[in-house]
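Side chains are part of it too, since the values below use all heavy atoms of this structure and drop only hydrogens, waters and symmetry mates. Letters A, B, ... are given to chains in the order of the sequence lines, protein chains preceding strands, and every chain is numbered from 1. Predicted model, so just to flag it, every value in this text is computed and none were measured.
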There are 2 protein chains.
Amino acid sequence: MTGEGSALAKRVAISDVAARAGVSPTTVSHVLSGRRHVSEVTRARVRSVMDELGWEPNQLARSLRMQRTQTIALIVPDITNPFYPSVARGLLDVVTEPGYQVLIGNTDGSSQAERDLVARMVTRSVDAMVFAGYYSKASDVTAAVEAGIPVALMGGRRASPGIDVLSSDDLAAGEIATRYLIGRGYHRIGFITGPSGDGPPADRVKGYRRALTSAGLRFNSQLIVREEFSRAGGTAGLQKLLELRKPPRAVLCTNDMVAIGALDVARARGLRVPDDLAVMGFDDIEAAALISPALTTIAGDPREQGRAVGRVLLGRLEETGRLEGTAASLPQRILFAPSVVPRESA
Amino acid sequence: MTGEGSALAKRVAISDVAARAGVSPTTVSHVLSGRRHVSEVTRARVRSVMDELGWEPNQLARSLRMQRTQTIALIVPDITNPFYPSVARGLLDVVTEPGYQVLIGNTDGSSQAERDLVARMVTRSVDAMVFAGYYSKASDVTAAVEAGIPVALMGGRRASPGIDVLSSDDLAAGEIATRYLIGRGYHRIGFITGPSGDGPPADRVKGYRRALTSAGLRFNSQLIVREEFSRAGGTAGLQKLLELRKPPRAVLCTNDMVAIGALDVARARGLRVPDDLAVMGFDDIEAAALISPALTTIAGDPREQGRAVGRVLLGRLEETGRLEGTAASLPQRILFAPSVVPRESA
DNA sequence: CTGAAAGCGCTTACAG
DNA sequence: CTGAAAGCGCTTACAG
């Protein structure tokens with residue numbers, strides 16, 4: 001019984017390869033890394049022993065020694081929200097090739113969970129971190145920053161040392177949507193926004209207002225209604241808008257779910273969309289293309305955002321590798337411009 | 001200049017705590033783990049130094065020493081397919097509390113990528129692995145099995161040593177769907193299935209056939225059409241079915257996308273759904289509830305599947321911890337029963 | 001009740 | 001061109 005095939009067979013280590021090849025671990029390490037010259041013959045011998053024993057360096061040991069884990073943390077509120085898997089995909093797209101892996105964490109938006117996860121990631125010595133919260137702010141990631149880990153904050157408002165910020169340009173989104181509607185001849189445009197007066201939804205309203213103004217149209221606060229971010233919110237919102245003395249001919253909804261709720265009431269009332277009423281959403285969720293009439297909406301590109309995040313972080317990682325202690329380049333803030341996806345509803 | 005506040009401040013190590021508390025690292029380690037008695041006084045002193053210096057053990061060092069990384073790999077074909085984020089969520093649900101983190105990998109279904117990722121995960125000494133491929137089989141994960149890493153294979157056909165298999169019960173799904181339709185008075189039922197004659201889609205057809213038979217209904221192969229897994233496939237499939245001399249009164253579609261395609265032709269031809277034609281899908285994608293008429297479909301519970309996967313793996317991990325080399329319990333195969341989500345279309 | 005030492009598996013100054 | 005040794009930061013037999 002050699003035990004060779006056993007599931008419990010000890011993993012082969014660099015010392016095994018060295019012994020078998022009749023060289024030192026140092027040399028084995030160097031044929032692997034190529035960081036110093038090794039004579040043709042020994043190199044060949046070592047290579048063949050590596051293959052023979054199927055040796056691959058233990059990343060754990062390597063990480064401990066090199067102080068680099070080749071790992072990036074991705075912390076999100078809810079991986080089940082389709083935006084984040086797309087971001088994850090984009091991140092993986094650019095980060096896999098250079099040898100990084102990604103560790104995911106789900107916070108449910110709880111700041112307790114956020115702190116715990118950030119701490120655990122630090123404890124695990126991730127090389128970089130992307131953090132997305134419902135209301136991302138720098139203070140959520142201080143533990144990482146203090147540990148010298150570069151972080152990319154998604155959805156944050158401003159960059160700070162150690163923290164690059166990447167987010168959707170919600171103001172532009174609102175502006176673009178409104179301009180699209182105006183261009184199609186709608187001048188009386190309602191807006192069903194979210195319950196609170198700040199954050200991305202408020203930025204969209206700001207963009208809407210700006211587009212109105214620059215088109216010489218009057219902004220009318222009666223046309224803005226605040227509702228929950230849900231199908232029911234859309235229903236309620238459109239109902240209110242339709243009760244107005246002069247109801248809008250088009251309605252912008254703060255997200256696609258809300259727009260779908262608005263379409264429900266249009267259907268129930270027998271309104272033709274978009275002839276009697278144009279409806280437009282934001283986000284471009286999968287259902288937007290599948291419902292009837294298909295929803296015209298504003299799309300970001302979450303996968304591309306993920307790629308951008310990856311690139312930014314890779315850049316930071318290169319910096320810290322090279323210039324040890326030298327001043328890093330300034331933290332960036334990157335805004336993603338959205339575009340309209342014209343379909344049937346507007 | 002103390003450098004204390006610098007981003008480059010060395011992380012504090014166990015030896016720092018020990019020195020400052022006037023004890024050995026051994027003792028510090030033991031107050032942390034509680035694995036041996038430490039006198040009240042020294043324990044208190046060590047604790048306060050820990051707090052003061054903010055020390056947390058470096059997981060890397062700990063992992064290297066203990067041969068346990070507290071990491072689980074999750075390898076999926078496409079994290080962007082909503083099934084997988086739900087699985088990920090369920091996995092996180094059960095695995096976070098006991099201190100595990102999850103490393104994700106995306107293969108795009110390429111077996112090259114699958115092999116590479118499995119190898120990389122092994123190299124990183126993950127404690128366990130969940131693997132989902134488009135056609136998962138044991139041979140995809142041999143590298144992990146050989147390294148003694150317990151794996152949970154999602155969607156596989158049979159368990160084998162070191163590999164537990166968890167999958168949806170597609171046969172039951174087909175049967176349940178068909179029975180539902182029969183129960184609602186539909187006796188002539190068409191089936192738009194996928195292009196190939198095996199895998200989950202074929203199992204669904206088998207279940208359909210079985211339900212028909214056990215209800216005393218005749219199986220008619222003309223009512224089965226093979227199409228692509230897409231909206232266009234659903235359109236084409238229903239068109240063929242409607243050209244039959246005696247077209248079906250109800251149609252089962254191999255997934256919700258296909259069902260949506262079928263609904264497109266029903267709408268175009270002015271058929272009332274479900275009165276003239278009942279349409280039913282599988283999977284319960286988000287859009288199923290949002291379209292009109294809302295789609296009646298068969299739902300699995302991916303998040304619960306993820307939880308189950310987590311539980312199985314946690315069980316295996318406990319086994320290997322306890323009985324070193326003793327025979328592990330037999331590999332399991334767990335099948336998830338789906339249920340119908342009655343909505344408007346059937 | 002506590003500590004010195006070995007060792008997990010690598011990489012990299014240092015020396016020749 | 002190559003190797004012996006130190007060290008990354010822990011845990012745990014071993015010894016007292």
Side-chain angles (χ1 to χ4, degrees), chain A residues 8-46 49-50 53-71 99 122-125 127 147-148 321 324, chain B residues 8-46 49-50 53-71 99 122-125 127 147-148 321 324:
Chain A
L8 298 172
K10 257 237 202 60
R11 261 190 70 190
V12 3
I14 195 173
S15 55
D16 300 321
V17 177
R20 178 124 199 183
V23 297
S24 72
T26 305
T27 294
V28 175
S29 177
H30 281 114
V31 344
L32 190 74
S33 70
R35 309 191 83 237
R36 93 174 175 194
H37 187 84
V38 176
S39 80
E40 186 87 19
V41 278
T42 39
R43 210 186 325 142
R45 187 150 33 93
V46 170
V49 174
M50 282 178 177
L53 302 187
W55 175 73
E56 304 221 18
N58 179 324
Q59 288 300 325
L60 230 43
R62 176 176 235 172
S63 293
L64 180 59
R65 171 63 229 239
M66 300 182 79
Q67 307 281 45
R68 265 196 154 229
T69 53
Q70 303 283 108
T71 305
V122 171
T123 250
R124 283 181 164 247
S125 314
D127 291 339
E324 274 306 331
Chain B
L8 297 172
K10 255 234 200 63
R11 259 190 71 191
V12 5
I14 195 172
S15 54
D16 299 321
V17 177
R20 178 124 200 183
V23 298
S24 72
T26 306
T27 295
V28 176
S29 177
H30 282 115
V31 344
L32 189 75
S33 69
R35 307 193 85 237
R36 96 176 172 191
H37 186 84
V38 176
S39 82
E40 188 86 18
V41 278
T42 39
R43 212 186 323 142
R45 187 152 30 94
V46 170
V49 174
M50 281 178 179
L53 302 187
W55 176 72
E56 304 221 19
N58 179 324
Q59 289 300 324
L60 229 44
R62 176 175 235 171
S63 293
L64 180 59
R65 171 63 228 238
M66 301 181 79
Q67 308 280 43
R68 265 193 154 233
T69 53
Q70 302 283 106
T71 305
V122 171
T123 249
R124 282 181 165 244
S125 314
D127 292 338
E324 273 305 332

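- Base pairing in DNA chain D yields stems of at least 3 consecutive Watson-Crick or G-U pairs, both distances under 3.5 Å, namely C:1-3 with D:14-16, C:5-12 with D:5-12, C:14-16 with D:1-3.
- Rounded to whole Å, the distance from CG on B:D16 to C1' on D:dG9 is 10 Å.
- The line from CD1 of B:I14 to CG of B:L53 is 12.0 Å long, rounded to the nearest 0.5 Å.
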For residues 54-62 of chain B, run the donor-acceptor check on the side chains, cut-off 3.5 Å, and write out each pair with its distance to 0.1 Å, sequence neighbours left out.
from: B:N58; atom 1: OD1; to: B:L60; atom 2: N; distance (Å): 2.7
from: B:N58; atom 1: OD1; to: B:A61; atom 2: N; distance (Å): 3.2

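- Residue contacts shown for A:T42 are limited to sugar-phosphate atoms, with no base heavy atom under 4.0 Å away.
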Would you tabulate the nitrogen or oxygen pairs shorter than 3.5 Å linking the protein to nucleotides 10-12 of chain C?
from: C:dC10; atom 1: OP1; to: A:W55; atom 2: NE1; distance (Å): 2.9
from: C:dC10; atom 1: OP1; to: A:N58; atom 2: N; distance (Å): 3.2
from: C:dC10; atom 1: OP2; to: A:I14; atom 2: N; distance (Å): 2.6
from: C:dC10; atom 1: O5'; to: A:N58; atom 2: N; distance (Å): 3.3
from: C:dT11; atom 1: OP1; to: A:R62; atom 2: NE; distance (Å): 3.0
from: C:dT11; atom 1: OP1; to: A:R62; atom 2: NH2; distance (Å): 3.0
from: C:dT11; atom 1: OP2; to: A:S29; atom 2: OG; distance (Å): 2.8
from: C:dT11; atom 1: O2; to: A:R65; atom 2: NH1; distance (Å): 2.1
from: C:dT12; atom 1: OP2; to: A:R35; atom 2: NH1; distance (Å): 3.4
from: C:dT12; atom 1: O4'; to: A:R65; atom 2: NH2; distance (Å): 3.1
from: C:dT12; atom 1: O4; to: A:T26; atom 2: OG1; distance (Å): 3.2

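- Following rounding to the nearest Å, A:L64 (CG) and C:dC8 (C1') show an atom-to-atom distance of 9 Å.
- Note on residues 25-34 of chain B: no pairs pass salt bridge (charged side-chain N to carboxylate O under 4.0 Å, His left out), not counting sequence neighbours.
- We find that CG of B:L60 is positioned 19 Å from P of D:dG7, with the value rounded to whole Å.
- The CD atom of B:Q67 sits 14 Å away from the C1' atom of C:dA6 (whole-angstrom rounding).
- Among pairs with a residue in residues 34-45 of chain A, those fulfilling salt bridge (charged side-chain N to carboxylate O under 4.0 Å, His left out) read A:E40-A:R43, at least two apart in sequence or across chains.
- Rounded to an integer number of Å, the gap from A:D127 CG to D:dC8 P is 18 Å.
- A donor and an acceptor atom never sit less than 3.5 Å apart when one is taken from the side chain of A:R124 and the other from the base of D:dG9.
- For B:T69 and A:R124, the side-chain atoms include no donor-acceptor pair closer than 3.5 Å.
- Take B:S39 and apply the side-chain hydrogen bond (donor to acceptor under 3.5 Å, both in side chains) test, not counting sequence neighbours, and it matches B:T42.
- For A:T27, the listed nucleotide lying nearest its side chain is D:dT2; candidates were C:dG9, C:dG3, D:dT2.
- The minimum heavy-atom distance between A:D127 and A:Q70, with the atom names listed, is OD2-N, 2.6 Å.
- Here the closest non-hydrogen pair linking A:A18 and A:S24 is CB-C, 3.7 Å.
- Rounding to the nearest 0.5 angstrom, the gap separating the OG1 atom in A:T123 from the CZ atom in B:R11 is 5.5 Å.
- For C:dT2, the OP1/OP2 oxygens have a side-chain nitrogen or oxygen of B:S39 closer than 4.0 Å.
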